[in-house]
Amino acid sequence: MSAAPADDPALLVDFYRTMLLVRRFEEKVGQMYGMGLIGGFCHLYIGQEAVVVGMDAAIRADDAVITSYRCHAHALVRGIPPAAIMAELTGRGTGVSKGKGGSMHMFDMERGFYGGHGIVGAQVPLGAGIAFAQKYQKRDNVTLIFFGEGAANQGQVYETFNMASLWKLPAIFVIENNQYAMGTAIRRAKAGTELCHRGEAFGIHGVQVDGMDVVAVHEASRDLVARVRDGEGPMLVEMQTYRYRGHSMSDPVKYRTRDEVQKVRERQDPIEQLRARLVESGTIDDAALKAIDRDVKKTVAEAAEHAQTSPEPDISELMTDVMVDADGGSA
Amino acid sequence: MSAAPADDPALLVDFYRTMLLVRRFEEKVGQMYGMGLIGGFCHLYIGQEAVVVGMDAAIRADDAVITSYRCHAHALVRGIPPAAIMAELTGRGTGVSKGKGGSMHMFDMERGFYGGHGIVGAQVPLGAGIAFAQKYQKRDNVTLIFFGEGAANQGQVYETFNMASLWKLPAIFVIENNQYAMGTAIRRAKAGTELCHRGEAFGIHGVQVDGMDVVAVHEASRDLVARVRDGEGPMLVEMQTYRYRGHSMSDPVKYRTRDEVQKVRERQDPIEQLRARLVESGTIDDAALKAIDRDVKKTVAEAAEHAQTSPEPDISELMTDVMVDADGGSA
Amino acid sequence: MVEMTVRQALRDAMAEEMRRDDRVLLIGEEVAEYQGAYKVSQGLLEEFGADRVIDTPITEHGFAGLAIGAAMAGLRPINEFMTFNFAMQAMDQIINSAAKTLYMSGGQVRCPIVLRGPNGAAARVAAQHSQDYASWFAHVPGLKVIAPWSATDAKGLLKAAVRDPNPVIFLENEILYGVSFDVGDEDVVLDIGKAAIERTGRDVTVVGYSITVSRALEAAGILAEEGVEAEVINLRTIRPLDIATIIDSIARTNRLVMVEEGWAFAGIGAEVIAAVCHGGFDHLDAPPARVSAADVPLPYAANLEEAALPRADQVVRAVREVCYV
Amino acid sequence: MVEMTVRQALRDAMAEEMRRDDRVLLIGEEVAEYQGAYKVSQGLLEEFGADRVIDTPITEHGFAGLAIGAAMAGLRPINEFMTFNFAMQAMDQIINSAAKTLYMSGGQVRCPIVLRGPNGAAARVAAQHSQDYASWFAHVPGLKVIAPWSATDAKGLLKAAVRDPNPVIFLENEILYGVSFDVGDEDVVLDIGKAAIERTGRDVTVVGYSITVSRALEAAGILAEEGVEAEVINLRTIRPLDIATIIDSIARTNRLVMVEEGWAFAGIGAEVIAAVCHGGFDHLDAPPARVSAADVPLPYAANLEEAALPRADQVVRAVREVCYV
Ligand SMILES: Cc1ncc(C[n+]2csc(CCOP(=O)(O)OP(=O)(O)O)c2C)c(N)n1
Ligand SMILES: Cc1ncc(C[n+]2csc(CCOP(=O)(O)OP(=O)(O)O)c2C)c(N)n1
Ligand SMILES: [Mg+2]
Ligand SMILES: [Mg+2]
């Protein structure tokens, strides 16, 4: 195994850059939504960046990822061009789903990114199916299955735990516990123990990780991924994290105080934490930080530009992709 | 609380009589099915008698019971006349569901018997709803929710555990672990720990009981019922039991040996165990046993006779009971 | 006359019924503290308290099953689905438990529940959040299915649904929530099973439900300028279907255009046409026409979405065709 | 020609496809060690092993979702529902994941899965085990829906379904499993989307699918004795519907009777009638008629069950009506 992440400055800088990209991208999305350039439901990932960045770096390009509607960040870190994601958000033909899916339904089969699912919990059995296929095809791959702490109350999750455990599927169940499901604070919807224990009755080992600390996330993930890849069977990780923004762009966020959010931002922000660490350890200097900042802003600006200037899908696209033609083309 | 059941000879004799009634009734049902007098799916309870008899005696007449398709015994012990149950099985108008429900769908609202449900696991949230109503109406009742160990893998069960625990519903979840779900032995379908622990992550205390010993069942049930009635919230009990017959009348039972069944019958039969105990302790003599036997046989024979001589439902019944009329009648 | 949005009408209907009958309660995701994902239950928690306005975890299968069980045990729950798309998780409980148990029990087990929430397309929410379930639910005996259009419909029919001793599917529309209508100010309870003629006309009968009544009325306005008088029928209830009102209208107009937001295949339009063929075939002077959603999962892109959903101009065209003008 | 039951035909189709393509697997409750609840998968575990013939726990929502995910990831699962009634637990995954994801992903995520099992009534299994889901599934774009009648249909269409790159709902019938039919002995793959004319006739077109084709043929036999020649069409595929074959027949017979085992309201009969009105209205010399299940949950009692399900004598009566004889 390569060096521990804490000792790998290049990796840490990379984490920083990617988290910043996610943050700035989502901020831009928020702005564009406010301007009416993006429609429908739109869920931002701001605050949770460490989870997806730390985890994605622990898997390989040929592994698989599946998540909920809150999927822009997952798509970005898998390497989908920001412009294609942004163009999906504006509903353009150059979008990653040709403009047909929108914010909640991004997919990239070439990058093992299985979406982007709008129904709470649906991605959990689907993800187990991807892991099932990996095992069936005797590939040494793993599947990361992300879902929220609200989704963790859906019954299909437990059905899936049972099957994944019975069949030792190479699946990692990642509960992104951002403390709220829409307006419902976790304690109002969850009885019993911490979520990391919810797989234990089904024989699934669970751990709880500080999901605001990208290094902790990454280290835990490397361990889990290695064990799952080795055939130990599925594992579960509860990432304790926090979303700064509303559930979606239309959420007035009356269920918590500004103060609560402010405290998390000040004390636990994943990007600030890592920046402080990089600066204190002398890994990076101000000029380098600025360069990253500039780079990220440029990428985001270009994506936004592309997303606004690309044409809408051709109207003929309305009737395509309903069925794959028997000869193999999708029409 | 009244005397412990082990010290209450009348109660024990009553258990014996009721278990025997269930056994003989089900044997008769098996015969009549073989003769073509009963149709569709038909699931016998033979072997499991101690569970329902011991539990039902721990609740009150105004409490509620709900179970699966394997419901003849639950209906019998709730006090529904055997003739009405048997007539339901033969599809007659005098059946407890007017012949419209059949073997899997018996109901008796006057006796708090909520069925008789054909979909595996469906009765679990329904049962929690009954408990919810009991609590809403501030009644000090409890609901017994019976389901199989196969049903215990259904997701809706865990959704229900969570809500029942959150809202402290007066529900007792009874897993009748008869070792098989159709042809699937429990170890082939269940990962992880014993089923009695499946509620723990949701804050539901669980116990495991020898479901072949009616006294053990009853004692455990009295304790659980008292605690649940007192407002401690839902509890779970796994009854370890065994079904002697096939899953349903059409099951050739190739998934286990005759020897396995024979051993359980010889060593653990709930009726034989209790009989031996009653005889050894001198609680009952041969003549009394014979009288009970005769009585039970007579009851069953009368039920069978009634069920064969009663008329089919009037053909006009086809279109009734689809809707309740707004004025209150069911038409 | 007062003006009221459909959202207010629904809220008031629930509040009034909860005041009238303390067995009535509201249960669903975000109905209490959040005041409803679409603010339909605004103020209800405050007035009726947490025992009667109940936030659930995200477990549609479980909470709908629980609410159905509670109805069987004597309560009168209003079960909100945040949208009906999520009711697919609870489909088994709705069909096999709520719709069938009265019959299976020979008339013993009643299930007076209202299952309500927005149905069909909202704005740009894409395929998984936009399905119209009218024809699925209406297919099944044992259910009543209501799809209000106006605030009057919403209030009068929701009150009727709560009082009905049977399971009622109540299909709302997110886009209509914010639309205002004139309503009478008394406490009206409408009859379930009766359609409303929203505009009279002699040349063609246009039938819609929910938001497509707006499309039909828009079309009727355009057609009137061309001298074609369309009669617009608002189904209000889909099961039982008020086929008599439709056939009666066609007896006068001899032409039928059905407008639905759902997919055409085995949809409500198919049923209306088949039922009209059965009971009023000889009145028809032209083949009845359907205007429906495009036969695709609903796309996100603005231009594709617009092309996918039924529009007034399509209704106008269909009317011209059946009128041979 | 050889004789073969529908059960054998289905089994052989699966075995042949599993031999041909090792991405094909069978997953469901009791499909492996038990050899299928209705013995449709007899011998498959032995031939293909436990990696490819997979018994699941009783968790339809979960295992169907898992199978759908596996299909997206490149496998070709055949997902057996012990009966389609239990597919309601998995409805969200079937509709929102299997049917819609290709579209939502702009054509990227394919889902080549077959979801199969017995559908509709068996014998005396009552309301919760007897529903016909044909119209529900056929309502939804993104799915193909097949309902075979004969052994030839079963084999040729199941093979086609397995090879199809799309999600296919394959609706079998428990009562037909044991029925024998003559089949050609070659390895036929039928075209999805083509109806079959099972009997030709000039006086009336009778359309059925699955077991109602038997009812239609019985009725045609009775009618022939009265001098009425019925043409019997077996739909075979319900979505896409082969409306051309139906209209072509009606162009000759000028009369239509639709026989379905499901409920009438927004059923397949409604769609066939609406589509015929659209494409062949002028051919119709009489209002098209429907013979369907009674509009009730299916009762258990023998006499009520018989009265509830469509029978040949009802078809005969309907034909007489549309033929005015
Ligand atoms: C089955 C279903 N029920 C309800 C919804 C509406 N909904 C969308 S997101 C959400 C909250 C989910 O919370 P959580 O799982 O914690 O994820 P987060 O949004 O916090 O990332 C709800 C209730 C849905 N999309 N699907
Ligand atoms: C949702 C659903 N899936 C499958 C079935 C078919 N089925 C009926 S009973 C049964 C086995 C249930 O086993 P268990 O829960 O252990 O109860 P038991 O029969 O042993 O009492 C199955 C698979 C069903 N009725 N409902
Ligand atoms: Mg959350
Ligand atoms: Mg069992």
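Lettering follows sequence order; numbering is per chain, from 1. Since the structure is predicted, the reported quantities are computational estimates derived from the model, not experimental observations.
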Okay, C:I113 and chain B: the region with an atom under 4.5 Å from a heavy atom over there is neither

Side chain, backbone, both or neither of B:L166 within contact of chain C (heavy atoms, under 4.5 Å) | side chain

Go through the structure and list residues passing side chain to side chain contact (heavy atoms under 4.5 Å, CB included) with B:Y33, not counting sequence neighbours.
-> B:I38, B:C42, B:M249

Where on B:E317 is there a heavy atom nearer than 4.5 Å to chain C: the side chain, the backbone, both, or neither?
-> backbone

Under 4.5 Å from any heavy atom of chain B - which part of C:P57 | side chain

Checking B:Y114 against chain C: side chain, backbone, both or neither under 4.5 Å from a heavy atom?
-> side chain

Between C:H61 and B:E159, is any pair of side-chain heavy atoms under 4.5 Å apart?
-> yes

In terms of heavy-atom contacts, does CD of B:Q308 have more than 12 from other residues, nucleotides or ligands at under 6.0 Å?
-> yes

May I have the list of side-chain donor-acceptor pairs in residues 69-78 of chain C shorter than 3.5 Å, sequence neighbours left out?
residue	atom	partner	partner atom	Å
C:R76	NH1	C:V162	O	3.1
C:R76	NH1	C:R163	O	3.4
C:R76	NH1	C:D164	O	3.2

Heavy atoms of other groups near C:H278 NE2, more than 12 under 6.0 Å | no

Spacing of CE belonging to B:M323 relative to CD1 belonging to C:I192, to within rounding of 0.5 Å | 9.0 Å

By residue number, those in residues 42-50 of chain C with heavy atoms under 4.5 Å from heavy atoms of chain B are none

Taking every heavy-atom pair that is under 4.5 Å apart, which of C:I58, C:I68, C:D51, C:V109 has the most such pairs with chain B?
-> C:V109

What part of B:I130 lies closer than 4.5 angstrom to a heavy atom of chain C: side chain, backbone, both or neither?
-> both

B:L318 versus chain C, heavy atoms under 4.5 Å apart: side chain, backbone, both or neither?
-> both

State, with a plain yes or no, whether a side-chain heavy atom of B:V322 is found less than 4.5 Å away from one of C:L102.
-> no

Evaluation steps, side-chain contact (heavy atoms from CB on, under 4.5 Å), between C:I54 and B:F132 = CA-CA 12 Å; C:I54 299 152; B:F132 178 94; 3.3 Å; yes

What distance do C:Y103 atom OH and B:M319 atom CE have between them, rounded to the nearest 0.5 Å?
-> 7.5 Å

C:Q108/B:K98 under side-chain contact (heavy atoms from CB on, under 4.5 Å): CA gap, chis, key distance, verdict | CA-CA 10 Å; C:Q108 289 181 79; B:K98 289 199 208 161; over 6 Å; no

Check against side chain to side chain donor-acceptor pair (under 3.5 Å), C:R52 and B:Y136 = CA-CA 9 Å; C:R52 295 182 67 194; B:Y136 186 96; 3.2 Å; yes

Hey, does C:L66 have a side-chain heavy atom less than 4.5 Å from the side chain of B:W167?
-> yes

C:T56, C:L25, C:L143: which one forms the most heavy-atom pairs within less than 4.5 Å of chain B?
-> C:L25

How about residues 89-101 of chain C versus chain B: which residues have heavy atoms under 4.5 Å apart?
-> C:D92, C:Q93, C:N96, C:S97, C:T101

